Amino acid sequence: MRYGMVIDLKRCINCRACSIACKMENVTPPGIFWSDVLTFESGKYPNVKKTFIPTLCMHCGDPICVKVCPTGASYKREDGVVLVDYDKCFGCGYCVVACPYQVRSLNEKSSQYFLSELTPYERRGYPLHKVGVAEKCNFCIEKVEKGEEPACVETCQAKARYFGDLDDPQSEVSKLIRNRHGFQFHREFGTDPSVYYLSA
Amino acid sequence: MEFEKQKIWGNLIAADLFFSGIGGGCFFLSFLLEIQNKYGPISNLGEILTPIFISIALLCLLFHLRIPIRFYRVFLNPSSWMTRGSVILSIFFISSLLYSLPSFETFNWLPWSKASSLGRVILIIAIAFSLLNMIYPAVLLSVPKHIQSWEISILLPLFLFLSLYTGLAVLLLITISYVRILGDQTITILHMLGKIGIMLIIIEIFTLYIFTKTMLNGNQPAKESIFLLIKGELMPLFIGGVVIIGLIVPFFMFISSIFIVSMPPLLILAGVSGLLILMGGFLLRYVIVKAGVYSPIYIERSII
């Protein structure tokens with residue numbers, strides 16, 4: 001079993017519903033996006049093209065963040081999901097610097113969206129985050145363990161995201177990678193990401 | 001396309017690398033002076049100061065941590081270069097401390113002296129770890145392969161000679177502080193240290209030239225790193241602080257000091273050049289850390 005995701009760049013319309021769904025699900029602090037969408041412009045006028053690249057933790061098969069973490073706070077589960085144990089991390093930032101995909105954040109200080117006080121929603125969610133530790137996407141592992149899909153996959157209106165078992169050749173993700181030549185970003189660093197992309 | 005530089009590591013990591021480098025360089029050069037049997041007070045003080053520099057380096061690392069109370073966890077993952085580096089620093093701290101303690105009369109009761117066989121074993125360990133300590137920052141920085149400017153083949157000699165160079169600066173300052181004890185011998189020692197300084201400056205300038213040249217011939221993120229140093233926001237620190245203040249000015253001060261045989265001007269030259277070297281040494285580490293530019297995920301336009 002190895003959880004993975006396939007993102008169809010042809011379908012992504014940059015609505016950022018994935019980023020919002022991720023924020024709603026994980027109540028990440030202001031400025032921290034576990035799921036983001038990068039915009040890439042190419043070509044010259046009038047032949048220009050915009051490509052939207054959704055990013056998240058790649059849950060690498062050979063994660064460099066786990067290797068560099070001196071505390072053992074970053075770890076990889078048997079199902080391929082890479083997580084951070086907030087009770088072990090001491091916030092050195094080595095994993096944030098070492099991640100080739102720049103999808104880790106350091107929760108530097110306690111902050112809130114509204115100046116007056118925390119909203120009831122924030123009061124419920126912020127205790128899940130700890131100040132001073134590294135954070136990143138966890139593939140919504142609590143939902144996945146209940147048989148649901150990660151929030152970003154569930155919410156994607158353009159059906160650009162697929163989630164499943166990369167080790168199962170009959171899974172939708174494996175078929176998409178096989179049939180549509182799914183590729184990984186930054187293969188040259190040898191981290192073997194579990195997030196594949198389909199060309200735009 | 002905009003390139004992003006890393007923002008997580010800054011002053012305190014640079015200070016950690018700076019003080020650990022000074023410790024390594026200072027101890028190694030003190031050892032070289034010690035084996036010549038002529039510069040006892042200087043090499044003794046150099047060795048005594050080493051554990052102090054290493055403690056400061058460890059403190060910088062501690063304060064860099066967002067949750068310092070969990071500092072002990074730094075030793076828990078042997079595959080991490082931060083863990084390995086902390087082990088290297090710790091062993092170097094202990095061995096250099098154990099080796100320098102017999103220099104104090106208070107510690108005469110210790111079962112070893114510098115000349116005893118146990119003392120020699122401690123010395124060998126300390127020397128080995130001083131060398132590891134000087135090159136370890138290059139390995140620490142080279143692990144994130146997507147930051148092209150942190151290339152180990154260049155950073156390794158750069159940090160090694162930089163550590164020796166800043167260690168030399170400490171020895172210069174020690175020599176000045178011992179002028180009353182050393183008397184006329186001060187001039188000979190300062191001349192000798194000056195010549196070593198000239199050699200290290202030439203090597204350091206050559207290494208920096210190779211560093212910039214290689215990066216400019218590299219991919220775009222590597223070029224962006226160098227652009228930051230030579231014409232970007234880090235230019236005043238790199239050109240002004242590292243190259244001019246840290247290398248060129250001390251170079252001419254060392255050259256002129258060779259021809260000076262009277263004490264006061266020589267002491268002033270040595271003292272000022274020592275301070276400038278330390279300033280340049282810190283700034284070089286700082287700009288290298290700050291000029292780490294990421295390879296963006298979307299640089300591979302051909303596959304999109």
Side-chain angles (χ1 to χ4, degrees), chain A residues 9-10 36 38-43 49 51-53 55 58 64-75 86-109 130-134 181 183-191 193 197 199-200, chain B residues 1-10 12-13 16 60-87 89 139-148 150 219 221 289-290 292-304:
Chain A
L9 298 178
K10 199 178 271 181
D36 202 358
L38 305 174
T39 303
F40 172 53
E41 292 175 21
S42 56
K49 182 182 169 187
T51 308
F52 308 113
I53 305 173
T55 59
M58 302 283 163
I64 192 161
C65 52
V66 173
K67 267 188 208 164
V68 302
C69 175
T71 64
S74 289
Y75 65 101
Y86 297 157
D87 292 328
K88 291 181 178 174
C89 177
F90 59 22
C92 67
Y94 202 6
C95 60
V96 182
V97 175
C99 174
Y101 306 98
Q102 299 164 56
V103 286
R104 283 186 166 234
S105 319
L106 209 53
N107 190 6
E108 295 268 12
K109 56 178 184 213
K130 293 200 173 153
V131 174
V133 301
H181 309 290
F183 65 89
Q184 301 153 306
F185 277 116
H186 280 323
R187 273 180 68 98
E188 71 276 21
F189 299 128
T191 55
Y197 290 83
S199 297
Chain B
M1 184 186 298
E2 282 185 18
F3 289 88
E4 274 194 40
K5 58 186 174 66
Q6 72 81 19
K7 299 183 187 88
I8 301 292
W9 284 357
L12 285 169
I13 285 288
D16 168 45
C60 291
L61 183 60
L62 183 74
F63 288 124
H64 163 76
L65 301 178
R66 273 65 172 183
I67 307 179
I69 200 163
R70 295 182 187 163
F71 180 74
Y72 66 95
R73 298 201 68 90
V74 80
F75 298 106
L76 296 185
N77 181 9
S79 72
S80 167
W81 267 102
M82 193 170 274
T83 298
R84 293 173 187 175
S86 303
V87 171
L89 265 179
V139 189
L140 179 85
L141 292 181
S142 70
V143 174
K145 300 278 180 230
H146 57 295
I147 298 180
Q148 311 286 329
W150 292 352
N219 61 13
V289 168
K290 292 304 271 185
V293 172
Y294 293 119
S295 296
I297 195 169
Y298 46 94
I299 199 168
E300 306 163 52
R301 61 181 71 191
S302 58
I303 57 175
I304 301 171

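Since we're looking at a predicted model, the values are computed, not measured. When reading the values below, keep in mind they use all heavy atoms of this one structure, side chains included, and skip hydrogens, waters and symmetry mates. Note on naming: letters A, B, ... go to the chains in the order of the sequence lines (proteins, then strands), and numbering restarts at 1 for each one.
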Between Ile69(B), Ile8(B), Thr83(B), which shows the greatest number of heavy-atom pairs under 4.5 Å with chain A? Ile8(B)
Where does Leu12(B) contact chain A at under 4.5 Å (heavy atoms): side chain, backbone, both or neither? neither
Does any backbone or side-chain atom of Tyr72(B) lie under 4.5 Å from a heavy atom of chain A? Answer side chain, backbone, both or neither. neither
Determine yes or no for a side-chain-to-main-chain donor-acceptor pair under 3.5 angstrom, with Gln6(B) supplying the side chain and Val289(B) the backbone. yes
If you look only at pairs with a residue in residues 63-87 of chain B, which of them pass as a salt bridge (Lys or Arg N to Asp or Glu O under 4.0 Å), with sequence neighbours excluded? Glu108(A)-Arg66(B)
Do you know which of Met82(B), Glu4(B), Lys145(B) has the most heavy-atom pairs under 4.5 Å to chain A? Met82(B)
Between Glu188(A) and His186(A), is there a side-chain donor-acceptor contact under 3.5 Å, judged purely by atom types and distance? yes
Pairing residues for Thr55(A) by the side chain to side chain donor-acceptor pair (under 3.5 Å) criterion, not counting sequence neighbours: none
Top contributor to chain B interface from Gly190(A), Cys89(A), Ala73(A) [non-hydrogen pairs under 4.5 Å]: Cys89(A)
For the residue pair Trp81(B) and Ser142(B), establish whether any side-chain heavy-atom pair is separated by less than 4.5 Å. no
Is chain B contacted by the side chain of Phe189(A), its backbone, both, or neither, given a heavy-atom distance below 4.5 Å? side chain
